[in-house]
There are 2 protein chains.
Amino acid sequence: MEAPHCKFETVLEILVGKWKPVVLFHLFSNGTMRFSELQKAIPDITKKMLTQQLRELEYHDIVHRKIYHQIPPKVEYSITEHGKGMSTVLQAMNDWGMSHLSHLNELYGEERSVESFEGRLDEFTKDKE
Amino acid sequence: MEAPHCKFETVLEILVGKWKPVVLFHLFSNGTMRFSELQKAIPDITKKMLTQQLRELEYHDIVHRKIYHQIPPKVEYSITEHGKGMSTVLQAMNDWGMSHLSHLNELYGEERSVESFEGRLDEFTKDKE
DNA sequence: ATACCTAGTATACAAAAAGATACCTTTTTG
DNA sequence: CAAAAAGGTATCTTTTTGTATACTAGGTAT
């Protein structure tokens with residue numbers, strides 16, 4: 001059975017936040033991106049949220065922030081070496097996540113998607129046998 | 001560099017929630033547990049929260065709920081077969097998480113812990129460089 | 001002189017998640 | 001008759017997250 005001996009919460013700490021997955025996705029895919037490029041890539045995010053999520057990732061040394069002292073300002077973000085080490089974990093999460101999605105499809109039918117989880121949950125919460 | 005091609009969010013969906021990690025930890029460790037045993041194992045959780053987290057895990061077919069139709073009621077929770085398949089992911093998260101913790105310790109000093117992340121973040125948010 | 005550029009910050013507000021507390025069920029025990 | 005037992009639900013309040021909007025800095029182009 002292999003009980004995991006706790007502390008996967010550390011990874012959660014890093015990834016939790018509405019926009020962190022997308023931000024990471026873009027940085028992992030594109031390498032180095034400016035603040036404004038990230039904004040364009042994630043149209044619905046506000047500056048405040050983008051800044052916040054980036055700062056949290058920077059705190060965990062997942063993302064590096066390079067400031068060019070110019071006017072107008074230029075700031076580039078990229079995945080740190082330490083951050084790259086997380087990619088195997090993300091890959092593992094991704095792979096199992098995919099198979100989990102098809103498992104959910106088997107259970108609840110095809111008209112499922114990650115976004116519609118909540119709606120389904122309500123129905124489910126009602127007692128059944 | 002190996003860019004993870006997205007959708008690790010599915011795993012986040014399952015694990016996010018203040019009490020999910022602890023609940024899973026106990027179920028993975030102890031096998032089958034009654035509602036009240038979980039409550040005792042996690043003293044600060046309220047019934048409402050425990051129920052909610054369990055229902056969400058049940059929805060994802062990670063946790064199974066077995067009802068004994070007795071008075072007083074008896075309900076047992078356990079990890080499903082599908083849920084056991086997640087243990088490798090949790091293990092990966094756990095392992096990298098541990099190394100990440102020591103990395104943080106190198107960066108910020110020993111008086112660090114998972115719980116004190118936030119306090120540190122505030123200091124960090126202020127511009128540096 | 002004014003507008004524009006980028007990468008933010010400040011402030012106020014709305015929405016979502018979590019906490020506190022009380023109540024319900026049905027049978028057995030005192 | 002009242003209390004206890006286990007596993008909840010209902011309702012309300014508080015806390016945490018996220019959104020919307022306006023504003024800033026300092027130099028360049030018009």
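All chains are named by letter (A, B, ...) in the order of the sequence lines, taking the proteins before the strands, and each is independently numbered beginning at 1. This one's a predicted model, so the numbers in the text were calculated from it and none came from an experiment.
- Residue B/Arg34 has a polar side-chain atom (N or O) positioned under 4.0 Å from OP1 or OP2 of D/dG7.
- With a cut-off of 3.5 Å on both pairing distances, the Watson-Crick or G-U wobble partner of C/dG30 is D/dC1.
- Residues passing the side chain to side chain contact (heavy atoms under 4.5 Å, CB included) test with B/Ser99 are B/Trp96, sequence neighbours excluded.
- Using a 4.5 Å heavy-atom cutoff, the side chains of A/Leu38 and A/Leu54 are in contact.
- Residues satisfying the salt bridge (Lys or Arg N to Asp or Glu O under 4.0 Å) criterion with B/Lys74, sequence neighbours excluded, are B/Glu76.
- When the side-chain nitrogen and oxygen atoms of B/Tyr77 are compared with OP1 and OP2 of D/dA6, none of them lie within a distance under 4.0 Å.
- In terms of the side chain to side chain contact (heavy atoms under 4.5 Å, CB included) criterion, A/Ser102 has no residue partners (sequence neighbours excluded).
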Atom pairs under 3.5 Å, N or O on each side, protein against nucleotides 26-28 of chain D: can you list them with distances?
none

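- Among the protein residues, A/Tyr68 comes within range of no part of the nucleic acid, since none of its heavy atoms lies under 4.0 Å from any strand.
- Looking at A/His82 and A/His60, their side chains never bring a donor and an acceptor atom within 3.5 Å of each other.
- A/Lys40 has its NZ atom 12 Å from the C1' atom of C/dA7, to the nearest Å.
- Residue B/Ile42 contributes atom CD1, which lies 14 Å from atom P of C/dA18 at whole-angstrom precision.
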Taking N or O atoms only and anything under 3.5 Å, show me the protein contacts with nucleotides 12-22 of chain D, one pair per line.
from, atom 1, to, atom 2, distance (Å)
D/dG18, OP1, A/Lys18, N, 2.8
D/dT19, OP1, A/Lys18, NZ, 2.7
D/dT19, OP2, A/Trp19, NE1, 3.0
D/dT19, O4, A/Lys48, NZ, 2.4

Atom pairs and distances, donor-acceptor, side-chain atoms in residues 15-22 of chain A, under 3.5 Å, two or more places apart:
from, atom 1, to, atom 2, distance (Å)
A/Lys20, NZ, A/Val16, O, 2.5
A/Lys20, NZ, A/Glu56, OE1, 2.7

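- At D/dG7, none of the side-chain N or O atoms of B/Arg55 fall inside 4.0 Å of OP1 or OP2 (strictly under the cut-off).
- Between the side chain of A/Tyr77 and the backbone N or O of A/Gly31 there is no donor-acceptor pair closer than 3.5 Å.
- Proximity of A/Thr51 to the phosphate of C/dA7: no side-chain N or O atom is located under 4.0 Å from OP1 or OP2.
- Between the P atom of D/dG7 and the NZ atom of B/Lys66 lies a distance of 14 Å, rounded to the nearest Å.
- Atom CD in B/Glu56 sits about 14 Å away from atom P in C/dA16, given to the nearest Å.
- Computed from coordinates, the B/Arg65 CZ to D/dG7 C1' distance equals 8 Å when rounded to whole Å.
- Put simply, CD on B/Glu76 is 12 Å from P on D/dG8, counting in whole angstrom units.
- Nucleotide D/dG7 holds its P atom 14 Å from the CD atom of B/Glu58, rounded to whole Å.
- For the pair A/Lys48 and A/Gln52, the minimum side-chain heavy-atom distance is below 4.5 Å.
- B/Lys40 and B/Glu37 are not joined by a salt bridge, as no carboxylate oxygen comes within less than 4.0 angstrom of a charged side-chain nitrogen.
- In this structure, the CG atom of A/Leu50 is 10 Å from the C1' atom of C/dG8, given to the nearest Å.
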